[in-house]
Amino acid sequence: MPVEDLSNLHEVVDSQNHPLCLMPAREILAQNLPHRAVAVILRDSAGHLVLRNDAGALDFASRGILPAGMASEDFCRRLLHEDWALAAGALRRLGLARPLMANTGAFTYIFEAVIPPAVASRVAATYDNAILVDDIELKSLLSLGYAISPLLSGAVGQ
């Protein structure tokens, strides 16, 4: 396989998060194989969350399957740039979620990126699938029947 094709490959891992082999994401997901992923909580310095709203389901601002050989922090920065045209400053790694059905069988590295309130407002106004909420608004949305991804729920304590 040519070297340039490696960027499309991802690591399949064992139950201890040790790499076993490389495969395309579509194969990993189709076979429900354990792998590594990244999820990003995007928060402004006033405490508002930027969430992705996909058909009434609230989720992390960004998430994706970690490419083989890429550091989780580097991939987090890439996601923020590709999804929201943001250059992330300081990232804080919040933890590692073990594989569950809710996170497609992935060991998910969860990061938080903090951005200025004006940037968060711009993101929410520019992108149709972005929503900017504080904790009270998030609880209200949930009481109105909005779904929240189980992994996000655990990460933000809802």
Side-chain angles (χ1 to χ4, degrees), residues 6-13 17 19 22 24-26 28-29 34-144 146-158:
L6 290 179
S7 64
N8 296 322
L9 295 177
H10 309 274
E11 293 175 334
V12 175
V13 297
N17 198 17
L22 302 177
R26 69 183 178 284
I28 291 171
L29 296 174
H35 56 283
R36 295 176 178 146
V38 167
V40 186
I41 294 173
L42 189 56
R43 186 183 303 272
D44 72 16
S45 54
H48 298 94
L49 295 171
V50 176
L51 301 175
R52 185 177 298 268
N53 182 8
D54 290 322
L58 303 176
D59 202 354
F60 287 91
S62 296
R63 64 188 309 179
I65 298 177
L66 183 63
M70 183 177 267
S72 58
E73 185 173 299
D74 292 339
F75 186 54
C76 178
R77 291 179 192 286
R78 185 172 110 187
L79 285 173
L80 289 172
H81 177 72
E82 290 174 357
D83 292 349
W84 310 107
L86 293 175
L91 296 172
R92 186 167 66 118
R93 185 171 159 184
L94 299 179
L96 176 66
R98 297 197 52 84
L100 303 168
M101 289 305 297
N103 58 358
T104 64
F107 285 89
T108 304
Y109 298 95
I110 301 173
F111 286 89
E112 178 183 62
V114 178
I115 57 177
V119 174
S121 295
R122 177 188 56 82
V123 167
T126 304
Y127 296 91
D128 290 339
N129 62 340
I131 183 171
L132 183 63
V133 297
D134 62 24
D135 288 337
I136 294 170
E137 292 167 326
L138 180 58
K139 287 177 182 170
S140 295
L141 287 172
L142 295 176
S143 71
L144 292 172
Y146 273 77
I148 185 171
S149 79
L151 188 59
L152 176 62
S153 178
V156 298
Q158 296 298 320

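Between D134 and H48 there is a side-chain heavy-atom pair separated by less than 4.5 Å. Using a 4.5 Å cut-off on side-chain heavy atoms (C-beta onward), V119 and D44 make no contact. Between E112 and L91 there is no side-chain heavy-atom pair separated by less than 4.5 Å. With contacts defined as side-chain heavy-atom distances shorter than 4.5 Å, the pair D83/Y127 does not qualify. No side-chain heavy atom of P24 sits under 4.5 Å from any side-chain heavy atom of N8. Looking at L94 and F111, their side chains never come closer than 4.5 Å, going by heavy atoms from C-beta outward. In this structure, the side chains of I148 and L51 stay at 4.5 Å or more apart for every pair of heavy atoms. Considering only heavy atoms from C-beta on, S149 stays 4.5 Å or farther from L58 through its side chain.
Comment: E73 does not engage R93 in a salt bridge, judged by the lack of any side-chain N to carboxylate O separation of less than 4.0 angstrom.
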Subject >> Evaluation steps, side chain to side chain contact (heavy atoms under 4.5 Å, CB included), between I115 and R122 >> reply: CA-CA 11 Å; I115 57 177; R122 177 188 56 82; over 6 Å; no

**OP:** Could you walk me through whether L22 and E11 pass side chain to side chain contact (heavy atoms under 4.5 Å, CB included), step by step?
**Re:** CA-CA 5 Å; L22 302 177; E11 293 175 334; 3.6 Å; yes

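Judged by distance alone, with hydrogens and angles left aside, the side-chain atoms of S121 form no donor-acceptor pair with the main-chain N or O of A118 at under 3.5 Å. In this structure, W84 contributes its side chain and L42 its backbone to no donor-acceptor pair below 3.5 Å. A donor-acceptor pair under 3.5 Å links the side-chain atoms of H10 to the main chain of L66, judged by distance alone.
Distance CG/N53 to CG/L141: 8.5 Å, rounded to 0.5 Å. Note: T108 OG1 to R63 CZ = 6.0 Å, rounded to the nearest 0.5 Å. Note that CZ of R77 is 10.5 Å distant from OG of S72, once rounded to the nearest 0.5 Å. Atom CD1 of residue I41 and atom CG of residue D59 lie 10.5 Å apart, to the nearest 0.5 angstrom. Here the CG atom belonging to D135 is positioned 6.5 Å from the CG atom belonging to L49, to the nearest 0.5 angstrom.
Listed by chain and residue number, V13, R36, L96, F107, Y109 satisfy the side chain to side chain contact (heavy atoms under 4.5 Å, CB included) test with N17 (two or more places apart in sequence, or in another chain).
A pairwise comparison of heavy atoms in G64 and L79 identifies N-CD1, 3.9 Å as the closest pair. Annotation for A124 and L132: closest pair CB-CB, 3.8 Å, computed over non-hydrogen atoms.
Within 6.0 Å of the CG atom in L144, the count of heavy atoms belonging to other residues, nucleotides or ligands exceeds 12.
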